[in-house]
There are 2 protein chains.
Amino acid sequence: MSDILNTLLTNVLQSGSRETYALDVGLRLKAVRKLHNLSQRELAKRSGVTNSTISMIEKNSVSPSISSLKKVLSGIPMSLVEFFSMDVDESAVERVVYRANEMLDIGMGEISMKVVGKSRAKRDMAFMDEVYPSGADTGMEMLKHEGEEAGIVVEGRLELTVADQVYILETGDGYYFDSTQPHRFHNPFESDCRLISCTTPANF
Amino acid sequence: MSDILNTLLTNVLQSGSRETYALDVGLRLKAVRKLHNLSQRELAKRSGVTNSTISMIEKNSVSPSISSLKKVLSGIPMSLVEFFSMDVDESAVERVVYRANEMLDIGMGEISMKVVGKSRAKRDMAFMDEVYPSGADTGMEMLKHEGEEAGIVVEGRLELTVADQVYILETGDGYYFDSTQPHRFHNPFESDCRLISCTTPANF
DNA sequence: TAACAATGTCAGATATACTGAACACTTTGT
DNA sequence: ACAAAGTGTTCAGTATATCTGACATTGTTA
């Protein structure tokens, strides 16, 4: 999020004569809009407010109501949380590629869970390459944690239980659920199962 | 933040006869205020607005401006991000399993991008099963958007470019980077490449 | 060059949020 | 029982946000 946004933000900061305002809504909106290559009028059309409203918000000459800011962001689209949590600081040069043989395995017992990007400072997700050998099971006491998880079976089959419901996932099938619901992974089949999955947030 | 807040929120939800409002600012404020054992007047005094303002906000009879909501929250104190990221557990019954043949394909041109959980109301991530046929390319003008993305190559090989750096991903290799950095996916090899990937946030 | 479309800005009119002072109700203390 | 202090709500007046409809500027096309 940082590089382009940052330059844009600093540019605007330098040029504009603006009041010192801890949370510069106008600046943020302008940055977001530019990032998505939208004009004030285009964004206005998509969001259901007028272009002048957007102009005034961006110039910090008004403090928009929640409802109108929400309207405006819906044209991006972007949530209020995302909007306010945009951070303006630099991101260091991070590693990009993680080779298959050097991923950190955080699996338990027979289950292998290799994490992509484990060394990164900031991480929103835990993206993993998991292998459930025949018979593997995350256990009867179901897992629960904040966030969401999704995955796709790329080899074999898997039994997934989410809140009373038991599903059989064939090769190629995917899943997506709230991690707050009790869940369990189990491979009762003869062949091993390989699963690419992602959970958010990164630490659970 | 969730457990106590949640019960409180759901209690309020059950008791109050409220309009259906996607983002119930009033409800959230009331919950937060109660959590901190403050009266409307007390919070008003601490935050520099009047008690009637708080009353009206909580009853959703107005949609507060950013500046006044920020003022109000400063009396807690709580940031806008924290405020809006409080989740009101709907506990709706959501679909969990998405079959391989029924995933929505949002790919462009020859590139196939099948999304897991596309029908979900709330989604933090876009989890996808992508296929880059031999020669496929996301184009010379590099992609940029907020968020992060990660992936693992499960078949074939792929060329990934992130901010000047070009990487060759072998089968099994993964990647993880900030989506704000210009990036490009390209398959210059003979065999097709299949990639399981995840980007956050869901809409990019 | 002229005509045209697209950009961001501004001013007057209108809609909405916010204030200040009441009101009715409940709780606490004597 | 009664006051006194606390609770949330309401309403007219004021402050502010938003819309409508213009304007000036830039870039594109003929």
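Order of the sequence lines fixes the chain letters, A, B, ..., with proteins taken first and strands second; residue numbering starts at 1 for each chain.
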* Would you find a donor on one side and an acceptor on the other, under 3.5 Å apart, between the side chain of B:R184 and the backbone of B:D137? -> no

* To do: List the steps and the verdict of side chain to side chain contact (heavy atoms under 4.5 Å, CB included) for B:F83 and B:L69.
  => CA-CA 10 Å; B:F83 181 75; B:L69 180 59; 4.1 Å; yes

* To do: Figure out the CG/P separation between A:L43 and C:dG8, and round it to whole Å.
  => 10 Å

* To do: Would you state whether a donor and an acceptor, one from the side chain of A:N51 and one from the base of C:dT7, lie under 3.5 Å apart?
  => no

* Interatomic distance, B:R33 CZ vs D:dT9 P [rounded to whole Å] -> 8 Å

* With a 3.5 Å cut-off and just heavy-atom distances, do the side chain of A:S39 and the base of C:dG8 make a donor-acceptor pair? -> no

* Mind calculating the distance between CZ (B:R41) and P (D:dT10) to the nearest angstrom? => 14 Å

* Side-chain N,O (B:S68) to OP1/OP2 (C:dA17) below 4.0 Å -> no

* Asked: Quick one: which of C:dA17, D:dT9, D:dT18 gets closest to the side chain of B:Q40?
  -> D:dT9

* Below 4.0 Å: OP1/OP2 of C:dC18 and any side-chain N or O of B:S65 -> yes

* Between D:dT7 (P) and B:K30 (NZ): distance, integer Å -> 14 Å

* To do: Answer with base, sugar-phosphate or nothing: what part of the nucleic acid does B:V62 contact at a heavy-atom distance below 4.0 Å?
  => sugar-phosphate

* Taking only N and O in the side chain of A:T50, is any of them less than 4.0 Å away from OP1 or OP2 of D:dT18? -> no

* Residue pair B:V25, B:S63: steps toward the side chain to side chain contact (heavy atoms under 4.5 Å, CB included) verdict -> CA-CA 8 Å; B:V25 174; B:S63 177; 5.9 Å; no

* May I have the distance from B:K59 (atom NZ) to D:dT7 (atom P), rounded to whole angstrom? => 18 Å

* Please report the C-alpha distance between A:E159 and A:V166 in whole Å, then the side-chain angles of each, then the deciding distance to 0.1 Å, and finally whether the side chain to side chain contact (heavy atoms under 4.5 Å, CB included) criterion is met. => CA-CA 7 Å; A:E159 179 194 283; A:V166 180; 3.6 Å; yes

* Asked: Separation of A:K45 atom NZ from C:dT7 atom P, in whole Å?
  -> 8 Å

* **Polar side-chain atom of A:N51 near backbone of A:A44 as donor-acceptor pair, under 3.5 Å** => no

* Expressed in angstrom and rounded to an integer, what is the separation of A:I54 atom CD1 from D:dC19 atom C1'? -> 13 Å

* **Whole-Å gap separating P (C:dA6) and CD (A:E42)** => 10 Å

* A:S55 side chain near C:dT9 phosphate (N/O to OP1/OP2, under 4.0 Å) -> yes

